[in-house]
Amino acid sequence: MIIDDKLTKEKYNQKSIEEWVMNYWKDKEIYKKIKEKSNRSNKKFYFLDGPPYANAKTIHVGTLWNKVLKDTLLRYYRMKGFNVWDKPGFDTHGLPIEVMIEKELGSNNKKDIVNKIGVDNFINRCLAFVKENISAMTKDFQEVGVFMDWDNPYLTYEDSYIESGWYLIKKAYEKDLLYKGKNVLHWCPRCETTLADYEVSEYKELEDPSVYVKFKVKNEENTYLLIWTTTPWTLPANAFVMAHPDIDYVMIEANNEKLILSKERLDKVVEESRIKEYKIIKEFKGKELEGLEYVHPLEELVKAQNELKKYHKVVMAPEAVVSGEGTGLVHSAPGHGEIDAIVGSKLGVPLISLVNDQGFMIEDAGKYAGLYFRTDANNEILKDLKEKKALLHLGKIKHRYPVCWRCKTPLLLRATEQWFIKVSKIKEKLINEANNAEWVPQWAKDRFMNIVGNVRDWVISRQRFWGIPLPVWECENCHHIEVIGSLDDILKLNGKRPSNMHRPWIDEVILKCPKCGGQMKRVSDVLDVWFDSGIAFYASLNYPRNKDLYENLSPADLILEGHDQTRGWFFSLLRSGVIGFDSVPYKRVLLHGFVLDEQGREMHKSLGNYVSFEELMSKEPRDVVRLYVLQNTTWEDLKFSWKGIEQLSRNFTIIWNVFSFASMYMSLDKFDPNNIKLDNLTLEIEDKWLLSRLNNLIRNFNKYYSSLEVHNAARLVIDFIVEDVSHWYLKLIRKRVWEDEDTPSKRAAYATLYYVLKNWLLLSTPIIPFISEYLYQKFVRSAEPNLPESISLLEIPDANLSYIDEKLESKMELAKKIIENTLSARMKAGIKIRLPIKSLIVSTHENGIKDIIIEMKPYIKEMANVKDIQVVGKEFFEQAKIYKLEPNYKELGPSFKKILPMIVQEVKNKEEEIGQSLVKNGYYELNINGEKIKLEAKHFKIQATYPEWLEVSESDIGVIAIDKRVSEEEHSEGLARDIIRRIQYMRKELGLPVDAYIETWITTDDNEYLYNIKALEGYIKNETRSKSINYISPPDDSYSKEWEVEERRIIIGIKLKQ
RNA sequence: GGGCCCGUAGCUCAGCCUGGUGGAGCGCUCGGCUGAUAACCGAGAAGUCGGGGGUUCGAAUCCCCCCGGGCCCA
């Protein structure tokens, strides 16, 4: 079938195109058909989707970028013949969702959930909420054309997923990696719950005591370590003092006491404590303090100190010593500080917390038992320190202090019992396995390896409800522990299958202790929500219930997420992979950036710079949005700008115009693309050039996709259609397709253009699938109806290397350069393009260029509107140069004295000749009164110019000049073009078909002008499809118009010739 | 405080790995074109390549320090 003209008649509207395509895909079940085709392939590609957190009804623009990036790669691999695994996922558990539901149900704390709401109600509400979000988010993803298996996502709340999670916990247990221990976490004493890191996000300006406390050095008279704290209530739990080994410390004497503190802080401490006089006794590095023992001032008042006093000495902990505050000596209570706990655990210090769930000091706090930590306990402790003369100074500080974001109660750090996985034990294995994955960009791997190298044990337990239940049962009788790996394990221990794997139902499962036969109950914790997504690599494949699938697909060929996931998901996958399977579960990782606002700040609703998905999609077409995010350097942040999108969208008009142009002329000439073999046609140079460019594009496109440089591929695809096809090729073939006759040259142009556009559509499909599908249907498939139903069912080709001709491409580049230079010379000379130029003169210092110019002559002539091109040697311009000599009297005077006026006269007469010689030889000999006189270059200021008629422009190719002399004939040719342009304009105004013939009338009162027009009648007739031109006033039934052309009045009339 | 990334024209960004006279698009000014026309073409103005130091014959590029922004951690 032939190309039809539907496209030409259609007005371009990207949004309605996209609606059409959406409906088409739906009606024809295109995704299903793509999957069927993909599934037949035996080249597997396991893509693992990082599950977005299902806590909202719409997605963030960053999430859109994430999925579009995934989509473009999946589409690419499918069109490269891979069997692509594309199951999407959603992350559904966790505290943030619990809190949202709590708010909705009016719950204030954990007790409310248990007593007022009921855990079962609460969980059901969480589940319903998450389900609503998942379907809303799915709609958003589908909206931007993300082709993934949306009917079969993996959901972390499903029973099968939970069971898969248990598998890993059991694995860890079997490998002796699971243990129960203490960990310091933020705690809200009102809500009686621990808060995860990401919940500690709200701070308040609060006032606290700022105190310098003296810890007496053991066995030294009157010598004290000076520590600083804003939390006196932690002093009873003090275990040791931390110092920095490399910074300078001093011992000073003041008020008959010796105090040890850091040199840097000395001035500040002296000032604050109002010490009037002191002297420095000693100066030394912190290292020297190591092991120095001290006596705690409250030792006798606090029961727990009986245990803690064994550890009272200075330890080296550079990570704990912050410059710019305190004294360089940090009081450490491992039960109440994060760094303290880490340092303490290395020393084997127990994590002793002296505060209970409600914030009151416990019995072990001795004298302070029963007092609330930040108020009564603080006061009582400060009073005692004063009494014991251990308080150097008591001040006040206002600082940012974390508060509970629900009840605004100040938080405290507190050691609690938690379940851990001993990741530190498998650190070496983690490092080895991490090394097996490839990262794009490469620097991401450095970042990752740094994180892996600093791994700590993993706290997996949370005292919450909406999460994977910790599969640990404990015997009430003998405290034996069983770790359950599956439902089968439950049945084996006489347990009943729960109706739902979540709390509270799972808590009702009672097992029979295999040791003593007693009742075993589940430990009430749930798992950290990070656990969930970390097991996706096997849990999403229904492992271990279906082992084949996992064994066939694993490891994942590709994962890709934002760079914040380096420590997040990428790491948790590695960790779970090594715990459960001794290997890294992915081969390649691609990082993408964040979407920031135009100034590079994070988008926040409160900052007013937030762009919602809804707003974006209502304003911009899908393909434009896709291209916008995809062309941004993938791993760098995207500074979102409406203007940027706007600019990018202009490319789409060009794409449309290219196809519209093609379909207009092809349909006019009834071009049938079926059964055409390019190699059988007589291709012109520009055809061969475009075919070379296309295949170079295909080659680079494939290269970029396989190296995951999607942005480079996207830029290339757009550049090609805009620069090579639209701006260059179409211009070159205009003359050829405007011919009436059916010439082989025209056929070749159509065949080339069709081949190129069809292949280009294939490349553009993964990036902008909507317009690609549309143009495929309307342009390609309407002529080749036997092609597959969707462009996505075709394959992206490999480059046909035989078409690539680098030499030809560089020849074209050269021609372009010459044309540019010619146009530049025209500009300077003020000769518009309509006026033909008689001669273009090019001199070059490179051999070979001459041949190229001769070969490319037709293009240069056509594009620059020149009649002839001369290639000359470089001496041409040297000889053409005219030299102006300005006498330099300072030099001439002393040399020639009296005869100088005669010399100057003579020089004026022979200026050009002398100038030439001075430049060439450096001297010129002159005869004055029979006397030989040697003139040198230094005697003149030499200025070189070119003759008037030559406009010269110099470039890296050589020197290019145009002959500015425009003949009368050429001038009138320019005038003829003026006429032609106006007739064309009128034709268009009348809405005449491109191929219609007309009759034309021209009158003007300028007879000379009319004469010139008459001389060019043939040319004008041909260009305007005029059957005849009459030089009388146009008849009434014609369409006529009065024009002004270079200050002449001209009346032109045209009429359709039937 | 630590690790990594980014900083190039008014704006958005290439170039940096592998050192050799600073680029593109948009915007701006001027001009042109007119059967793809809400398109297109040309010219021009515009840069301390974040700052400083080093290596080198030569640094946007390699090294060190600092400043600003981002992510992750402390």
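Within every chain, numbering begins at 1; the chains are lettered A, B, ... in the order of the sequence lines, protein sequences first and strands thereafter.
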Quiz item: To the nearest Å, how far apart are Trp642(A) CH2 and U12(B) C1'?
Solution: 16 Å

Quiz prompt | side-chain contact (heavy atoms from CB on, under 4.5 Å), paired with Leu627(A), selected from Ile771(A), Ile718(A), Ile645(A) | solution = Ile718(A)

Exercise. Go through Asp5(A) and Leu668(A) one step at a time and tell me if the side chain to side chain contact (heavy atoms under 4.5 Å, CB included) criterion holds.
Key: CA-CA 8 Å; Asp5(A) 63 349; Leu668(A) 216 53; over 6 Å; no

Quiz item: When the distance from CZ of Phe571(A) to P of C72(B) is rounded to whole Å, what number comes out?
Solution: 16 Å

Quiz item: What distance, rounded to whole Å, do you find between the two P atoms, one in G7(B) and one in G51(B)?
Solution: 13 Å

Quiz item: When you compare G19(B) with C62(B), how far apart are their C1' atoms, in angstrom units rounded to a whole number?
Solution: 8 Å

Quiz item: What do you reckon, is NZ of Lys1057(A) surrounded by more than 12 foreign heavy atoms closer than 6.0 Å?
Solution: no

Self-check item: Value in whole Å for how far the P atom of C11(B) lies from CZ of Arg650(A)
Solution: 18 Å

Quiz prompt | Complementary nucleotide for C17(B) - Watson-Crick or wobble, under 3.5 Å | solution = none

Practice problem: Hunt down the Watson-Crick or G-U wobble partner of G44(B), both distances under 3.5 Å, from any strand shown, or write none. | Solution: C28(B)

Quiz item: Considering every strand shown, what is the Watson-Crick or G-U wobble mate of U61(B) when both distances are under 3.5 Å?
Solution: none

Practice problem: Measure from CZ on Arg456(A) to P on C72(B) and round the result to the nearest Å. | Solution: 17 Å

Quiz item: Would Arg982(A) and Ile1050(A) satisfy side chain to side chain contact (heavy atoms under 4.5 Å, CB included), going step by step from the backbone distance to the final call?
Solution: CA-CA 10 Å; Arg982(A) 283 163 178 83; Ile1050(A) 297 177; over 6 Å; no

Quiz prompt | Arg447(A) vs G3(B): side-chain N/O to OP1/OP2 distance below 4.0 Å | solution = no

Quiz item: Would you call the rings of Trp1043(A) and Tyr985(A) parallel, tilted or perpendicular if under 30° counts as parallel and over 60° as perpendicular?
Solution: perpendicular

Quiz prompt | Candidate list Asn632(A), Leu596(A), Thr633(A), test side-chain contact (heavy atoms from CB on, under 4.5 Å), partner Leu638(A), passing option | solution = Asn632(A)

Practice problem: Report the nucleotide, chosen from A74(B), C13(B), G3(B), that has the shortest atom-to-atom distance to any side-chain atom of Lys639(A). | Solution: C13(B)

Quiz item: If the C1' atom of G27(B) is compared with that of G10(B), how far apart are they to the nearest Å?
Solution: 7 Å

Quiz item: Between Arg736(A) and Glu686(A), is there a side-chain N and carboxylate O pair less than 4.0 Å apart?
Solution: yes

Quiz item: Nearest nucleotide by nearest heavy atom, which residue falls closer to the 5' end of RNA chain B, Asn450(A) or Tyr628(A)?
Solution: Asn450(A)

Exercise. Round to the nearest Å and state the distance from Phe720(A) atom CZ to G25(B) atom C1'.
Key: 19 Å

Quiz item: So which one's nearest nucleotide on RNA chain B is more toward 5', Ile451(A) or Ser660(A)?
Solution: Ser660(A)

Produce the list of close N/O pairs, under 3.5 Å, pairing protein atoms with atoms of nucleotides 14-18 of chain B; give distances to one decimal.
residue	atom	partner	partner atom	Å
A14(B)	OP1	Thr633(A)	OG1	2.4
A14(B)	OP1	Glu636(A)	OE1	3.3

Quiz item: So what does Asp564(A) touch, heavy atoms closer than 4.0 Å: a base, only the sugar-phosphate, or nothing?
Solution: sugar-phosphate

Practice problem: Looking only at side-chain atoms of Leu730(A), point me to the closest of G70(B), C72(B), A36(B). | Solution: A36(B)

Self-check item: Nucleotide nearest Tyr665(A) when distance is taken to its side chain, options C13(B), A36(B), C4(B)
Solution: A36(B)

Self-check item: Listed nucleotide nearest any side-chain atom of Asn632(A), set U34(B), C13(B), C40(B)
Solution: C13(B)

Exercise. For Leu591(A), report the nucleic acid contact type (base, sugar-phosphate, nothing); a contact means any heavy atom under 4.0 Å.
Key: nothing

Practice problem: Please state whether the phosphate of C4(B), meaning OP1 or OP2, lies under 4.0 angstrom from any side-chain nitrogen or oxygen of Arg567(A). | Solution: no

Exercise. Quick one: closest heavy-atom pair of His563(A) and Trp635(A), and the distance?
Key: CD2-O, 4.0 Å

Quiz prompt | Presence of Arg734(A) side-chain N/O under 4.0 Å of A36(B) phosphate oxygens OP1/OP2 | solution = yes

Quiz prompt | P atoms of C17(B) and A60(B), separation to the nearest Å | solution = 12 Å

Quiz item: Checking side-chain contact (heavy atoms from CB on, under 4.5 Å) against Leu775(A), which of Val780(A), Leu757(A), Val658(A), Ile655(A) comes through?
Solution: Ile655(A)

Practice problem: Round to a whole Å and report the spacing from CE of Met449(A) to P of G3(B). | Solution: 17 Å

Practice problem: Would you indicate which nucleotide in A36(B), C72(B), A74(B) comes nearest to any side-chain atom of Ser726(A)? | Solution: A36(B)

Practice problem: Determine the interatomic distance between P on G47(B) and the same-named atom on A9(B); round to the nearest Å. | Solution: 10 Å

Self-check item: Identified pairing partner of A39(B), criterion: Watson-Crick or G-U wobble below 3.5 Å
Solution: none

Quiz item: Which value, in whole Å, describes the distance between the C1' atoms of nucleotides G53(B) and A14(B)?
Solution: 28 Å

Quiz prompt | Separation of the C1' atoms in G58(B) and A46(B), to the nearest angstrom | solution = 27 Å

Quiz item: Can you tell which of A36(B), G3(B), G70(B) lies closest to the side chain of Asn657(A)?
Solution: A36(B)

Quiz item: Nearest of C41(B), U37(B), A36(B) to any side-chain atom of Val658(A)?
Solution: A36(B)

Quiz prompt | From A74(B), C71(B), A36(B), nucleotide with atom closest to Ile339(A) side chain | solution = A74(B)

Exercise. Quote, to the nearest angstrom, the P distance that separates C28(B) from G69(B).
Key: 32 Å

Quiz item: Is Lys11(A) touching bases, backbone alone, or none of the nucleic acid, heavy atoms closer than 4.0 Å?
Solution: base

Quiz item: With both distances under 3.5 angstrom, what nucleotide forms a Watson-Crick or G-U wobble pair with U55(B)?
Solution: none

Quiz item: Are Tyr754(A) and Phe779(A) close enough, and set up right, to give a ring-ring contact (aromatic ring centres under 6.0 Å, His included), and what steps lead you there?
Solution: CA-CA 9 Å; Tyr754(A) 185 82; Phe779(A) 180 70; 5.6 Å; yes

Self-check item: Out of C26(B), C71(B), C13(B), whichever nucleotide has its closest atom nearest the side chain of His563(A)
Solution: C71(B)

Quiz item: What class does the angle between the rings of Phe571(A) and Phe448(A) fall in, given that below 30° is parallel, 30 to 60° is tilted and above 60° is perpendicular?
Solution: perpendicular

Quiz item: Expressed in angstrom and rounded to an integer, what is the separation of Asp446(A) atom CG from C5(B) atom P?
Solution: 7 Å

Practice problem: Using atom CG of Asn651(A) as one end and atom P of G25(B) as the other, report the distance to the nearest whole Å. | Solution: 12 Å

Quiz item: Which nucleotide in the list C40(B), C4(B), C71(B) gets nearest to the side chain of Trp443(A)?
Solution: C4(B)

